[in-house]
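Each remark here refers to the structure printed beneath this line.
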Amino acid sequence: MYNPLKGRDLLSIHELSVEEVELILDLAAKLKSMQKSGIPHRWLEGKTLGMIFEKSSTRTRVSFEVGMSQLGGSALFLSNRDLQLGRGEPIKDTARVLSRYLDGIMIRTFGHDRIEEFAEYAEIPIINGLTDLLHPCQVLTDLLTIREHKGKDLRGLRMAYVGDGNNMANSYCSGAAKVGIYLTLATPATHKPDQKIFDYAVEDSIATGGSVKWTEDPIEAVKNADVVVTDTWASMGQESEHDERKKIFAPYQINSELMEHASPRAIVMHCLPAYRGEEITEEVFEQNADVIFDEAENRLHTQKAILALTMG
Ligand code: CP
Ligand code: NVA
């Protein structure tokens, strides 16, 4: 089978074609059912993934590590605290050294420019495990989860993102545009998604018949939505702004009052970790816990597809 992703980096959803997004989602679904039925799929036997973390993680770390093991390979956890990178060794040297030992690298870092520089100098696939700008593996996972709950054809599905115009919001713009979803984001005017990514997504959505819109009004975004998503109001690195952000985002909480405006069959998703009483109430979270934990599980299956395609 022709694999257009072989040897490629995965830094953003925008850089993937519509067909490549479908390829990842189809393979993720296949790998999920193979794993559930006990069908071996040791497609990365003998391969090693390096995982560089400059920020905390539960899901990303564990799902990538378990994913590599299920694919027959292994994963190395590389904390910034232990690497010479954390003491100032240049990214371009680290990238060239690690390319001589490893078959692929997943990176979670701050500025998106850091992963771009890493990818420029590395000779092996680089996978974005979250930057301040984007979280592509999570949003691809969310698309798989929406397929499972709402049907495979995502065209015309109405989705609302309510909260901070952060890395998740940005990646939702790109993801929705690739699969023909009608996405409306509600954020304060001071915390909009990245303008460049938003504009690209508006353009990309023309080809798939979807749309990407922004409003300041959460009710307008949620009106008749089939899927409602949110994320923390204070991302990693913004801890000192937490109290101020709680005030700014208070009108953007996903609660049962807001959900009355959505479709009666709407599902709520959250990439986790969730802060109950802030971006989502305990009640709405628990009503949607099955979907939210399917979403968490699907990190494993989606990332296995990404690893198999890029490193296979
Ligand atoms: N959703 C997500 O990326 O979780 P972690 O920060 O635990 O990896
Ligand atoms: N926006 C959040 C996502 C966490 C998975 C953050 O960057 O901290």
Side-chain angles (χ1 to χ4, degrees), residues 9-12 44 46-71 73-141 164 166-168 170-171 231-245 270-275 278-279 296-297 299-300 302-304 306-307 310-311:
D9 301 321
L10 201 158
L11 302 191
S12 72
L44 294 181
K47 304 241 168 147
T48 310
L49 176 77
M51 308 188 299
I52 300 179
F53 282 93
E54 298 191 322
K55 289 177 175 171
S56 308
S57 169
T58 297
R59 283 143 287 269
T60 306
R61 177 181 174 177
V62 178
S63 55
F64 266 107
E65 189 161 338
V66 171
M68 275 307 288
S69 143
Q70 291 181 0
L71 287 165
S74 54
L76 276 180
F77 174 68
L78 304 165
S79 156
N80 195 40
R81 275 197 301 276
D82 308 322
L83 291 172
Q84 296 286 9
L85 184 67
R87 295 180 59 244
E89 183 167 13
I91 289 175
K92 58 184 183 181
D93 293 356
T94 309
R96 284 177 288 186
V97 170
L98 293 181
S99 296
R100 304 289 177 108
Y101 306 135
L102 300 166
D103 302 288
I105 300 177
M106 181 247 94
I107 307 180
R108 167 168 285 195
T109 188
F110 291 88
H112 195 71
D113 55 326
R114 289 179 70 74
I115 200 167
E116 283 181 335
E117 187 181 349
F118 215 102
E120 188 188 335
Y121 286 94
E123 285 147 23
I124 54 178
I126 302 298
I127 299 166
N128 184 352
L130 181 146
T131 62
D132 290 346
L133 188 69
L134 299 171
H135 198 0
C137 293
Q138 180 70 58
V139 168
L140 288 166
T141 296
D164 184 18
N166 61 12
N167 42 13
M168 284 299 296
N170 293 334
S171 285
D231 183 22
T232 180
W233 291 338
S235 286
M236 288 179 275
Q238 298 173 332
E239 289 78 5
S240 65
E241 299 169 30
H242 184 244
D243 291 349
E244 190 196 333
R245 284 175 163 267
H270 195 307
C271 68
L272 305 175
Y275 298 89
E278 295 188 17
E279 75 274 8
E297 176 189 330
R299 290 295 298 278
L300 173 68
T302 308
Q303 288 158 192
K304 280 168 73 180
I306 293 167
L307 292 166
T310 57
M311 287 168 62

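Everything numeric in this text was worked out from a predicted model, so none of it was measured.
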Taking the side chain from Lys304 and the backbone from Gln70, do they hold a donor-acceptor pair closer than 3.5 Å? no
Could you tell me whether the side chain of Asn167 and the main chain of His135 form a donor-acceptor pair under 3.5 Å? no
Residues forming a ring pair (Phe, Tyr, Trp, His ring centres under 6.0 Å) with Tyr121, sequence neighbours excluded: none
Can you name the residues that form a side-chain contact (heavy atoms from CB on, under 4.5 Å) with Ser12, not counting sequence neighbours? His14, Glu15, Leu134
Ile124 and Ile105: CA distance, side-chain angles, deciding distance, side chain to side chain contact (heavy atoms under 4.5 Å, CB included) verdict: CA-CA 7 Å; Ile124 54 178; Ile105 300 177; 3.7 Å; yes
Taking every non-hydrogen atom, the tightest pair across Cys137 and Ile306: SG-CD1, 4.0 Å
Are the side chains of Lys55 and Asp132 in touch, meaning some heavy atoms are under 4.5 Å apart? yes
Quick check for you: to the nearest 0.5 Å, what is the distance between Ile115 atom CD1 and Thr131 atom OG1? 6.5 Å
Could you report the tightest heavy-atom contact between Ala122 and Ala95, atom names first, then the distance? N-CB, 3.9 Å
Intermediate values then yes/no, side chain to side chain contact (heavy atoms under 4.5 Å, CB included), Ile127 and Leu307: CA-CA 9 Å; Ile127 299 166; Leu307 292 166; 3.7 Å; yes
Contacts of Asp231 meeting salt bridge (charged side-chain N to carboxylate O under 4.0 Å, His left out) (sequence neighbours excluded), chain-then-number -> none
Suppose we screen for side-chain contact (heavy atoms from CB on, under 4.5 Å). Which residues come up paired with Val97, at least two apart in sequence or across chains? Tyr101
All heavy atoms of Ala296 vs all of Leu272, minimum pair found to be CB-CD1, 4.3 Å
With heavy-atom distances below 4.5 Å as the criterion, would you say the side chains of Leu85 and Leu78 are in contact? no
Rounded at 0.5 Å granularity, tell me how far CD1 in Ile107 sits from CG in Leu130. 12.0 Å
In the structure I gave you, are the side-chain heavy atoms of Leu11 and Ile126 within less than 4.5 Å of one another anywhere? yes
OG of Ser63 to CD of Gln138, rounded to nearest 0.5 Å, is 9.0 Å
Gap separating the CG atom of Leu44 from the OG atom of Ser74, nearest 0.5 angstrom: 10.0 Å
Excluding sequence neighbours, so at least two apart, what forms ring pair (Phe, Tyr, Trp, His ring centres under 6.0 Å) with Tyr275? none
Sort and list the pairs that fulfil salt bridge (Lys or Arg N to Asp or Glu O under 4.0 Å) and have at least one residue in residues 109-125, not counting sequence neighbours. Glu54-Arg114
Determine whether Met311 and Leu71 make a side-chain contact, defined as any pair of heavy atoms from C-beta on separated by less than 4.5 Å. no
Is the closest side-chain heavy-atom distance between Thr109 and Phe118 below 4.5 Å? no
Is the backbone N or O of Glu241 less than 3.5 Å from a side-chain atom of Glu244, with the two atoms forming a donor-acceptor pair by type? no
Those residues at least two apart in sequence (or on a different chain) that pass salt bridge (charged side-chain N to carboxylate O under 4.0 Å, His left out) with Lys92 are none
Residue pairs involving residues 96-107 (criterion salt bridge (Lys or Arg N to Asp or Glu O under 4.0 Å); sequence neighbours excluded): Asp93-Arg96
d(Phe64 CZ, Gln303 CD) to nearest 0.5 Å is 3.5 Å
Residue list, side-chain hydrogen bond (donor to acceptor under 3.5 Å, both in side chains) with Arg108, at least two apart or on another chain: Thr60
Is there side-chain contact between Thr58 and Pro273, with at least one heavy-atom pair below 4.5 Å? no
Any salt bridge (Lys or Arg N to Asp or Glu O under 4.0 Å) pairs touching residues 56-65, not counting sequence neighbours? Arg61-Glu65
Glu279: which residues meet the side-chain hydrogen bond (donor to acceptor under 3.5 Å, both in side chains) condition with it, sequence neighbours left out? His270
Working note: Glu89 + Leu83, criterion side chain to side chain contact (heavy atoms under 4.5 Å, CB included); need CA distance, chi angles, decisive distance, verdict. CA-CA 9 Å; Glu89 183 167 13; Leu83 291 172; over 6 Å; no
Got a sec, which pairs hit salt bridge (Lys or Arg N to Asp or Glu O under 4.0 Å) with one end in residues 73-88, sequence neighbours left out? none
With rounding to the nearest 0.5 angstrom, report the CD1 to CG distance, Ile52 to Asn80. 8.5 Å
Check: Met106 and Met68 side chains under 4.5 Å, non-hydrogen atoms: no
